[in-house]
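What follows is a set of notes on a single structure, which appears directly below.
Counting starts at 1 for both ligands and their atoms, in listed order. Residue numbers count from 1 along this sequence.
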Amino acid sequence: MKLILLGPPGAGKGTQAKMLTERFGIPQISTGDILRAAVAAGTEMGLKAKSYMDRGALVPDEVVIGIVRDRLQEPDCDKGFILDGFPRTVPQADALGKELSAMGKALDAVVSLTVDEEALVERLTGRRTCSGCGRGFHVQFDPPAVASVCDGCGGALVQRDDDREETIRNRLKVYGEQTAPLIDYYRGKGVLKEVDGMAGIAEVQSSILGLVRT
Ligand code: AP5
Ligand code: ZN
């Protein structure tokens, strides 16, 4: 299965992608995770990306397109993949389309998650991520059994640098201006599937499974 999860910051793309990955045995390709790993490793790309990420702006298209192009060539993508956070601009979507057709592949679906703005802010301010295994939690909607400790690996839960309210507002603005046009872009290609992302995590998962199984 070759899937894109599309939606604003905090819509639940990462949460749903991780669950789909386990279910279908295909990789999650999160450009946000790849960029954060580059920042943590202090690579040249990471240093460049950090200045954009810290203010909630998009990293230049050529950087992220290069990342995804390389990642799609890896053997674990042969059976399929879940793109989470890419594409985010029309040039990124065009580049992906060209890359996939050159590989003789096509998208099965683009799942668009819809969530109200205030709910997005609530989700992002309450999000915590495991510093050990990367698993996501929410202090209210998906809390760990022991406060600030990962249920899976026992690692410490931390807050993302860009999950401060001011940066969140800018990320949402950037989404509206640069990424939301992709909803019509993929609707026009006949692959868009819309899901109400306001429901609980398990319900959203069932909705997605219902759509991608057909
Ligand atoms: P990225 O890491 O992609 O962040 P994002 O798109 O802003 O998305 P998030 O990870 O914040 O949200 P999500 O939808 O995955 O929500 P989650 O499942 O965690 O990008 C970060 C930055 O990197 C960008 O700002 C940019 O600078 C750069 N970048 C990345 N990709 C790029 C690209 N292609 N081009 C250019 N720049 C790029 O859920 C959020 C919280 O809500 C969690 O706590 C979760 O537990 C909770 N939750 C989830 N679902 C539900 C639910 N149904 N009900 C209640 N709570 C829920
Ligand atoms: Zn963990």
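Taking atom 22 (C) of ligand 1 as the reference point, the nearest protein heavy-atom neighbour is M53 CE, 4.0 Å. In terms of protein heavy atoms, atom 54 (N) of ligand 1 is closest to R123 NH2, 3.4 Å. Of all protein heavy atoms, the one lying nearest to atom 28 (C) of ligand 1 is L35 CD1, 3.7 Å. Remark: minimum distance from atom 16 (O) of ligand 1 to any protein heavy atom is reached at G12 N, 3.3 Å. Nearest protein neighbour of atom 50 (N) of ligand 1, counting heavy atoms only, is I201 CG1, 3.6 Å.
When the shell of 6.0 Å around CZ of R23 is examined, it contains 12 or fewer heavy atoms from other residues, nucleotides or ligands. The environment of K50 atom NZ is sparse: at most 12 non-hydrogen atoms of other residues, nucleotides or ligands sit within 6.0 angstrom.
Between R123 and F141, the closest side-chain pair of non-hydrogen atoms falls below 4.5 Å. Between L3 and Q16 there is no side-chain heavy-atom pair separated by less than 4.5 Å. Between F86 and L96 there is a side-chain heavy-atom pair separated by less than 4.5 Å. With a 4.5 Å cut-off on side-chain heavy atoms, D142 and I201 count as touching. Taking the side chain as every heavy atom from C-beta outward, L157 and F137 approach each other to under 4.5 Å.
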Original post:
Can D151 and V146 be said to form a side-chain contact (heavy atoms from CB on, under 4.5 Å), step by step?
Top reply: CA-CA 8 Å; D151 291 343; V146 177; 6.0 Å; no
Original post:
Given E99 and Q73, is the side chain to side chain donor-acceptor pair (under 3.5 Å) satisfied, shown in steps?
Top reply: CA-CA 10 Å; E99 189 64 24; Q73 304 300 330; 3.0 Å; yes
**OP:** Walk me through it: do D162 and T167 pass the test side chain to side chain donor-acceptor pair (under 3.5 Å)?
**Re:** CA-CA 6 Å; D162 58 351; T167 317; over 6 Å; no
Subject >> Worked verdict on E165 versus R169 for salt bridge (Lys or Arg N to Asp or Glu O under 4.0 Å) >> reply: CA-CA 6 Å; E165 186 154 350; R169 296 278 175 200; 3.0 Å; yes
Subject >> D163/R171 under salt bridge (Lys or Arg N to Asp or Glu O under 4.0 Å): CA gap, chis, key distance, verdict >> reply: CA-CA 10 Å; D163 278 348; R171 286 161 62 201; 2.9 Å; yes
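Of the candidates A57, G85, P8, the one placing a heavy atom closest to atom 27 (O) of ligand 1 is A57. Among R88, K13, R171, the residue whose heavy atom lies nearest to atom 24 (C) of ligand 1 is R88. Comparing T89, V63, V59, T31 by heavy-atom distance to atom 37 (N) of ligand 1, the nearest is V59.
Judged purely by atom type and a 3.5 angstrom limit, E177 has no side-chain atom pairing as donor or acceptor with the backbone of L172.
Cation-pi contact between K189 and Y185: present, with separation from the ring centre below 6.0 Å and deviation from the ring axis of at most 45°.
In terms of N/O distances under 3.5 Å, ligand 1 is approached by R36. Not one N or O of V204 is nearer than 3.5 Å to an N or O of ligand 1, by distance alone. At a 3.5 angstrom cut-off on N or O pairs, T15 counts as close to ligand 1. For ligand 1, none of its N or O atoms has an N or O atom of P87 under 3.5 Å away. Where the criterion is an N or O separation shorter than 3.5 Å, residue side chain and backbone included, A199 meets it with respect to ligand 1. Ligand 1 has a nitrogen or oxygen under 3.5 angstrom from a nitrogen or oxygen of Q92. Considering backbone and side-chain atoms alike, R127 places an N or O below 3.5 Å from some N or O of ligand 1. Looking at ligand 1, you'll find an N or O of G14 within less than 3.5 Å of one of its N or O atoms.
At least one heavy atom of G10 sits closer than 4.0 Å to an atom of ligand 1. Using a 4.0 angstrom heavy-atom cutoff, G136 does not count as in contact with ligand 1.
Not counting sequence neighbours, the partners of D108 by the side-chain contact (heavy atoms from CB on, under 4.5 Å) test are M1, K2.
Near P9, the atoms of ligand 1 lying under 4.0 angstrom from a non-hydrogen atom of the residue are 5 (P), 7 (O), 8 (O), 12 (O). Distances below 4.0 Å separate heavy atoms of L124 from the following atoms of ligand 1: 11 (O). With ligand atoms numbered from 1 in the order given, ligand 1 contributes 55 (C), 56 (N) to contacts under 4.0 Å with heavy atoms of F141. Residue H138 approaches ligand 1 through these ligand atoms, each under 4.0 Å from one of its heavy atoms: 44 (O), 46 (O).
Vertex the Zn ion (ligand 2); arms to C133 SG and C153 SG; angle rounded to 10 degrees, 120°. Our summary of the site lists the angle at the Zn ion (ligand 2) between SG of C130 and SG of C150 as 110°, to the nearest 10 degrees.
At a heavy-atom distance under 4.0 Å, only backbone atoms of F137 (N, CA, C or O) approach ligand 1. For R160, every heavy-atom contact with ligand 1 shorter than 4.0 Å involves the side chain, none the backbone. Neither the backbone nor the side chain of P60 has a heavy atom within less than 4.0 Å of ligand 1. Using a 4.0 Å cut-off between heavy atoms, E203 makes no contact with ligand 1 at all. Proximity of V64 to ligand 1, defined as any heavy-atom pair under 4.0 Å, is confined to the side chain (atoms from C-beta onward).
Screening L83, L5, I4, I183 for a side chain to side chain contact (heavy atoms under 4.5 Å, CB included) involving V110 leaves a single residue, I4.
Across every non-hydrogen atom of Y186 and A93, the tightest pair is OH-CB, 3.4 Å.
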